[in-house]
Amino acid sequence: MASDSEPKAVDPAFTKSVVDKGADTVTLCFQCGTCTGGCPSGRVTAFRTRKMMRRVQLGFKDEVLPAEELWLCTTCTTCDERCPRGVKITDIIMTLRNMAVREGYMAEAHKNTARSLMKSGHAIPLGDAFRKMRETLGLHSEPPTVLSDKEALDEVKKIIKATHFDELVG
Amino acid sequence: MAKYSLFLGCIAPLRYPGIETATMEVAKALDIDMDILDKTSCCPAPGVFRSFDQDTWLAIGARNLSLAEEKGAEIVTICNGCFGSLWEVADKIEHDEKKKEYANSILKEIGREYKGGVKVRQFAELLYTDVGLDAISAKVTKKLDHIKAAVHYGCHYFKPDIVKEIDNRERPKTLDELVEVTGATSVDYRYKNACCGAGGGVRARAKEVAQAMTDQKLEAMKESGANCIVDICPFCHLQFDQGQSGLRTSFPVIHLSQLYVMAFGLDESKNGFDAHAVPVKF
Ligand code: SF4
Ligand code: SF4
């Protein structure tokens, strides 16, 4: 990533592709900083929502897509709701993350969560301790979800193939 | 009241199964006609799966909605993540014909269709709106006046508030009132409306950042004199319950359904408090 003193690579096609993907409200941002002011993540990190919006407007692709801060947003939507310009910030961040993943920026921890969904239809595994706990509560050891219905799980797996999610995660 | 079907999701049945049983006990006590929606999968989680690929998120969400549609039931969630995802998928399909076509082109491959219009509910707002505080109050047999709760709404409960019309995002009151109807006090604290820190895939990817947000809330709760946390989401629940292991604080973390099991004098073993990292005792 370029430091602040170096000239930055501007890629207008990047701004356009973000806009074309439906995140068009990014162009409305007038840099008031309301989003940053209420951001719970920005309170504890150097992530600045306002700056991210500006970088997208200016086409600083290399400062946006590979950046770790893109993944520090909790999607709490406080910023969306307060933005005086109606910028759909969380939707924009989602679009940017989808683009980042396509460029190969996907953390191992997130790949593992994705693999869990691909395998079991749930985001987390069910181990023996929790099976037992369920039984103690009078429940079936597996909940009546895709975990206890192979056909239903196959449906989810087919969706994952049809959207090519499996190829994306690798 | 409508016919309801409970969407289980991942964290409740797989980490805090007591939230699942407590919810069903409470529904029974309040004569809510609700069964469990079977064959469902992950909602899919908004912070992770929507971040990776919005098409997959939409299609799997639409499949879950189609299961409720088949039953003619409103889909009820006990998790703000599930609520956020299912509500948004339903909303996008409702207002964007292209998205609806796309979702159905994928569902067609598994012989399903989602026509649209399924109501997505959060159990807390269902209690507030469809059951009402008076009916809930009538079931309280054990006043919980020893409880000083720091309530945590969680982000995807009332936002976007103009559209959802559940509560005011800057000055919410529904959960405070749902808690106080048991005789408990809801205390005010700094950062009350702030995120727990876990969402958006942050817990999985940058645990220390998630924890820093949680710590700010815990610190504020401590200053407020609260003696427990009451939430309506198993993911926030996990974040607060496991996020206190440094033992700076030791607030019991209680889901609203579990609180009602206590207040209604129902079988407390159904709360599954064994799953909790911080013991639930006062
Ligand atoms: S609140 Fe809206 S207009 Fe203001 S800086 Fe943030 S995105 Fe831009
Ligand atoms: S949605 Fe993300 S960027 Fe916006 S306030 Fe919340 S954490 Fe910050």
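The sequence lines fix the lettering, A, B, ..., with proteins before strands; numbering per chain opens at 1.
With a threshold of 4.5 angstrom between heavy atoms, B:A206 approaches chain A through side-chain atoms but not through N, CA, C or O. Proximity to chain B (any heavy atom under 4.5 Å) is shown, for A:V146, by both the backbone and the side chain. The parts of B:L14 that come within reach of chain A are both its backbone and its side chain, each placing non-hydrogen atoms under 4.5 angstrom from that chain. Neither the backbone nor the side chain of B:F7 comes within contact range of chain A, judged by heavy atoms closer than 4.5 Å. There is no contact between B:K108 and chain A, counting heavy-atom distances below 4.5 Å. Heavy atoms of B:R50 lying under 4.5 Å from chain A belong to its backbone as well as its side chain. Proximity to chain B is absent for every atom of A:D166, based on heavy atoms less than 4.5 angstrom apart. With a 4.5 angstrom heavy-atom cutoff, A:L147 touches chain B only via side-chain atoms. Within the 4.5 angstrom heavy-atom criterion, no atom of A:T136 approaches chain B. Residue contact with chain B, scored on non-hydrogen atoms closer than 4.5 Å, involves the backbone and the side chain of A:T113 alike. If you measure heavy-atom distances from B:R203 to chain A, you find no contacts under 4.5 Å at all. With a 4.5 angstrom heavy-atom cutoff, A:L137 touches chain B via backbone and side-chain atoms both.
With contacts defined as side-chain heavy-atom distances shorter than 4.5 Å, the pair A:P143/B:T40 does not qualify. Considering only heavy atoms from C-beta on, B:V209 stays 4.5 Å or farther from A:W71 through its side chain. Put simply, the side chain of A:R43 reaches to within 4.5 Å of the side chain of B:Y191, judged on heavy atoms. A heavy-atom distance below 4.5 Å is not found between the side chains of A:H122 and B:S41. Taking 4.5 Å as the limit, every side-chain heavy atom of B:L107 sits out of range of all side-chain heavy atoms of A:E155. Contact check for B:V48 versus A:L117: no side-chain heavy atoms found under the 4.5 Å cut-off. Taking the side chain as every heavy atom from C-beta outward, B:E20 and A:R134 approach each other to under 4.5 Å. Counting only heavy atoms from C-beta outward, the side chains of A:I160 and B:I60 approach each other to under 4.5 Å.
Minimum heavy-atom separation, A:A114 to B:F49: CA-CE2, 3.7 Å. Closest approach of B:S51 to A:R97, counting heavy atoms only: OG-NH1, 2.8 Å. The nearest pair of heavy atoms linking A:P144 to B:I36 is CG-CG2, 3.8 Å. Nearest heavy atoms, A:H110 versus B:A204: CD2-CB, 3.8 Å. Contact detail for A:C76 and B:C155: the closest heavy-atom pair is CB-SG, 3.2 Å. Listed here is the closest heavy atom pair of A:R102 and B:D53: NH2-OD1, 2.9 Å.
Considering only heavy-atom pairs separated by less than 4.5 Å from chain B, the leading option among A:S116, A:G121, A:A109 is A:G121. Counting heavy-atom pairs closer than 4.5 Å to chain B, the top-ranked of the candidates A:I159, A:L168, A:D149, A:I93 is A:I159.
For the atom pair B:R169 CZ and A:D80 CG, the distance stands at 10.0 Å (nearest 0.5 Å).
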Go through B:E170 and A:E81 one step at a time and tell me if the side-chain contact (heavy atoms from CB on, under 4.5 Å) criterion holds. CA-CA 10 Å; B:E170 306 288 354; A:E81 303 259 305; 5.7 Å; no
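No donor-acceptor distance shorter than 3.5 angstrom exists from the side chain of B:D274 to the backbone of A:M133, with no hydrogens or angles considered.
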